Amino acid sequence: MSDVLLRVRDLTKRFTTRGPYRRKNEFTAVDGVSFDVRLGETLAVVGESGCGKSTSARIVAKLMEPTSGTLEFDGEDITHAAGARLARYRAKVQVVFQDPFSSLNPRHTVERILMAPLDYQGIAPKGGRRAHTRELMERVGLDPDHAHRYPAQFSGGQAQRIGIARALAVNPKLVICDEAVSALDVSVQAQIIELLRRLQRESGFSYIFIAHDLAVVRQLAQRVAVMNKGRIVEQGPCEEVFRAPGDPYTKTLLAAIPRINPAWDRRRRAAR
Amino acid sequence: MARYVAGRLAGLVVLLLLVCVFTYLIFFKLSPDPALMICGKTCTPDRVAQIRASLGLDKPFLTQLGDYLSGLVVGRDYGSGPNLVRCPAPCLGYSFQSSQSVTQMIVDRLPVSATVAVGAAVLWLIIGIAAGLLSAVKEGSWWDRTAMGLALGGASIPNYVLALTLQYVLVVKLQILPFPSAVPFSEDPLLWFQSYLMPWLVLATGYACLYARLTRANVIDTLAQNFMRTARSKGLSPALTMRRHALRPALTPIVTIFGMDFAALLGGALITETVFGLNGIGKMAADSIAKNDQPVIMAVTLLAAFFVMAGNVVVDLLYTGLDPRVRVS
Amino acid sequence: MSELLVVEDLTVTFPTSRGPVDVVKDVSFAVGRNETVGIVGESGSGKSMTSLAVMGLLPPGATTRGSIRLDGAELLGRPDREMRRVRGEQASMIFQDPLSSLNPYYTVGLQIEEMYRAHRRCSRKEARAVVVEALTQVGIPEPERRAGYYPHQFSGGQRQRVMIAMALVCSPALLIADEPTTALDVTVQAQILGLLAGLQRETGTGMVFVTHDLAVISSIATRVLVMCRGEQVEYGDAEQVFAAPRHDYTRMLLESIPRIDDEVVL
Ligand SMILES: Nc1ncnc2c1ncn2[C@@H]1O[C@H](COP(=O)(O)OP(=O)(O)OP(=O)(O)O)[C@@H](O)[C@H]1O
Ligand SMILES: Nc1ncnc2c1ncn2[C@@H]1O[C@H](COP(=O)(O)OP(=O)(O)OP(=O)(O)O)[C@@H](O)[C@H]1O
Ligand SMILES: [Mg+2]
Ligand SMILES: [Mg+2]
């Protein structure tokens, strides 16, 4: 058996929209994308805004039907899975969404949100709901005393961490993180990255990590796929792609990373 | 889109067919033999057999069901020879009680039920939504608390209590209104209006209370959304902010619920029509049940099922038009 | 030097089940015309609440103390009717969570257009042209067609750019940008920062730029405010904050920036 957890082949998604006078307009958001995610591995997906990263993620999470292409998870074809098979797949694959507030039910407390994936599977948490919620919140650096607050009472970064905690609540095999740490300051970001790595080490999670912060990608991912205009233009081990980018788009991306004024940085380090 | 509509309509037909089969099974197989009932007290076995034959009750169940269904679609013939009676296309049989064509009975009574439903709907929409909106905007005020308290109480009054009380107070005691009678609008508009006023009020009360609470909850939820903050950040007038940004999201779910409620009412308001003696589908249903008039019971059941299911389809189509996120591509 | 925005001892308090909590405590800063002030800090430290307080858009229940002066005029305690004239025209804001900040029932074209028409006398046609122009500026492909799209039909970064286009459409004197580039890749981010700089040159807009990306702050801000748990831990010239931070929290923040090692990049 190979150790490939998820195999994606020739994924294509075309959106049809209607313009004025009901004219049809087709737009190919994802265009023949293929990639593998191995067991216990992190695949980072980077690329220009609007290049189809979230759309691919939504298809892999089975929240959207692809126009064509196949998905295989653990050796099982799940492209058209439905019913009980889909439910089993959903239990193993969790998503952290890009827009934190829209993915949290505004009428539910944090406790209810965090327990939802467990309730969906009919699992009672060890040590009770309250204790489990507290533990999940502490893991992502949230104040466990806020378990009875509603999403609107949190800041953007805190809401994002609720999403992360929810995804980690059920011991998934694959976690799809769509810009999951983009709203976090560097110190909290470091804490979350450490958490993700620890879970990977201890429980063998695999991640699809969509991000635009290449420094974070480099810290976390073993392999990286670079997307542009719906296609994967380059794919390979992180080190290689970053050291010797083959595609011109990857080069532009690496060159555009903003840096702290080096003179200031040197002075600060010298003063230390 | 066209394909989606076609699919929904096909689904509707299949569902109706299933309802037909089940109601037929229940009303014609499991209830007392209609031939015995029609025959009455002075009955001979011969006479019963004759009636059974003329009604087609001597045939096997599936044949009977097939006849009924084909009667619905292409019409059917009853009896034979000189007694042959032709029942044209949407044939629902003949009432055991009055021997009238059930189709004709429905055609006669539907306008009454429709009038009751439309009038009540207009009333409850206006009152319910206005009260709910005001409560939401003035959340926590004395108006909000009074209105919502009343709504909670109002929704729990049974229709017949309300109907009898109104009738007693307005007609018998105060004599403000005449006793309801089914005059057509063209004959005496005032009497027409007065006759329908009480049924409208009775039906609208419960729904208005429900809709007021629903509207309030939806508007309050919407006002707390982030996009309302964005609308305010643009410096729009409060009226525009409210009208454009809050009302549409808040009222869209109500449109769908309204579609269902209204469709159910078209199938007849049993109690209200009976209390006020209005000759609508509801009263017809009540009478037919009391007298075990099976073809009529069967017909009103089918009609109600049809309205509810058709309402469901219409609501879904409306919803795809109203909420851009569920628009089918 | 005449400051555009002066915030003094701003305190924002929320009532909670455990008594009132100050989510912003005695924060003071100033923004001049043509200047960018950066606000950085821990997640949940009150950056968004400070921004919302300036716009008078705090959630219901929140109370404020202190003083916020725009062009010398006090904003705190002004009735909503008067704040309405400030919003959009004098000050506008880019909100942090674009998807929930856009109304799902209307096309983005309409949502930008209504902002423009609320402050400028013009026909719908003129407003439409302005909308398309604004969408082009922020790099939305096929802007004429995309103006007719609903928010859910955009990608995360595109929605964020729609928010930016919206906030800029009336060329406000003060722009408050709450994490406006978090969903953007570095190339588009550079384009947007260039656009904001250009706008500043043209109209002298003062800008409050909330972000956790310290590199971005170091390249655009002249002054920096560092916040932690609702408190202002450091405020001063960007150069001083980055080169000689006084507070441990700032130092820790600068230390924990993940780096792409210089030698691996060409
Ligand atoms: N429902 C839809 N209808 C039409 N077009 C859509 C729809 N959803 C997404 N798109 C388009 O598909 C393209 C890819 O979107 P996607 O959300 O996958 O981008 P992304 O790579 O996640 O970008 P970002 O980094 O900005 O989030 C975009 O151009 C977007 O406008
Ligand atoms: N309605 C509320 N009631 C009580 N506390 C609230 C409420 N809204 C926000 N808070 C708290 O106020 C604090 C500041 O929130 P704010 O949104 O300003 O943070 P932020 O600095 O913008 O963080 P981020 O970078 O994560 O967006 C947070 O700790 C949050 O939990
Ligand atoms: Mg995305
Ligand atoms: Mg914030």
Side-chain angles (χ1 to χ4, degrees), chain B residues 1 129 133 135-141 144 215-258 315-329, chain C residues 48 51-52 54-61 79-108 110-120 148-153 159 162-163 166-167 169-170 172 174-176 178:
Chain B
M1 189 68 191
I129 291 181
L133 253 177
S135 277
V137 176
K138 299 182 185 287
E139 193 189 347
S141 67
D144 178 26
T215 306
R216 176 181 180 273
N218 280 351
V219 172
I220 286 177
D221 271 358
T222 309
L223 290 179
Q225 297 271 348
N226 277 349
F227 61 72
M228 290 307 295
R229 190 175 64 191
T230 311
R232 290 175 62 209
S233 85
K234 295 177 185 176
L236 305 181
S237 73
L240 185 63
T241 313
M242 192 68 195
R243 202 178 65 230
R244 184 178 285 162
H245 288 277
L247 281 191
R248 177 135 171 229
L251 294 187
T252 300
I254 292 182
V255 170
T256 68
I257 296 168
F258 171 71
V315 156
D316 279 357
L317 292 180
L318 259 183
Y319 204 78
T320 57
L322 286 174
D323 189 338
R325 283 166 299 181
V326 296
R327 235 164 246 184
V328 280
S329 47
Chain C
S48 298
S51 318
L52 290 172
V54 174
M55 295 293 292
L57 290 173
L58 284 170
D80 205 62
R81 191 160 33 84
E82 286 172 36
M83 276 310 284
R84 218 167 64 221
R85 251 172 281 146
V86 175
R87 293 185 201 129
E89 181 78 67
Q90 281 178 274
S92 73
M93 178 158 176
I94 302 168
F95 293 95
Q96 188 173 5
D97 191 61
L99 182 54
S100 66
S101 297
L102 289 166
N103 193 327
Y105 286 84
Y106 298 101
T107 63
V108 303
L110 183 118
Q111 296 187 56
I112 300 175
E113 181 190 314
E114 71 175 358
M115 167 117 179
Y116 190 70
R117 277 160 57 90
H119 301 281
R120 302 273 190 281
Y149 275 27
Y150 292 89
H152 74 275
Q153 294 175 309
R159 279 192 285 265
V162 166
M163 293 298 295
M166 193 171 347
V169 80
C170 290
L174 174 71
L175 176 67
I176 300 174
D178 193 357

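From a predicted model like this one, the values you see are computed outputs, not experimental measurements. Protein chains get the first letters and strands the later ones, always in sequence-line order, with residue 1 at the start of each.
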Roughly how far, to the nearest 0.5 Å, is the [atom2] atom of [Y] from the [atom1] atom of [X]?
X: C:Tyr105; Y: B:Arg244; atom1: OH; atom2: CZ; answer: 16.0 Å
X: C:Arg84; Y: B:Thr241; atom1: CZ; atom2: OG1; answer: 7.5 Å
X: C:Asn103; Y: B:Gln225; atom1: CG; atom2: CD; answer: 8.5 Å

#### Entry: For chain B, the option from C:His152, C:Arg87, C:Arg81 that forms the most heavy-atom pairs under 4.5 Å
C:Arg87
### Message
Heavy-atom pairs under 4.5 Å with chain B: which of C:Gly88, C:Ser100, C:Cys170 has the most?
### Response
C:Ser100
### Donor-acceptor under 3.5 Å (C:Ser101 side chain, B:Thr230 main chain)
no
### Task
Taking all heavy atoms of B:Gly235 and all of C:Ala118, pick out the closest pair and write down the distance.
O-CB, 4.4 Å
### Message
Tell me the closest heavy-atom pair linking B:Pro324 and C:Pro104, and the distance in Å.
### Response
CG-O, 3.0 Å
Tell me, side chain or backbone of [X] under 4.5 Å from chain B's heavy atoms, or both, or neither?
X: C:Gln111; result: both
X: C:Leu102; result: backbone
X: C:Met55; result: side chain
X: C:Met83; result: neither
X: C:Leu99; result: neither

### Query
So which residues of residues 89-96 of chain C are in contact with chain B at a heavy-atom cut-off of under 4.5 Å?
C:Phe95
### Query
In this structure, are over 12 heavy atoms from other groups packed under 6.0 Å from C:Arg85 atom CZ?
no
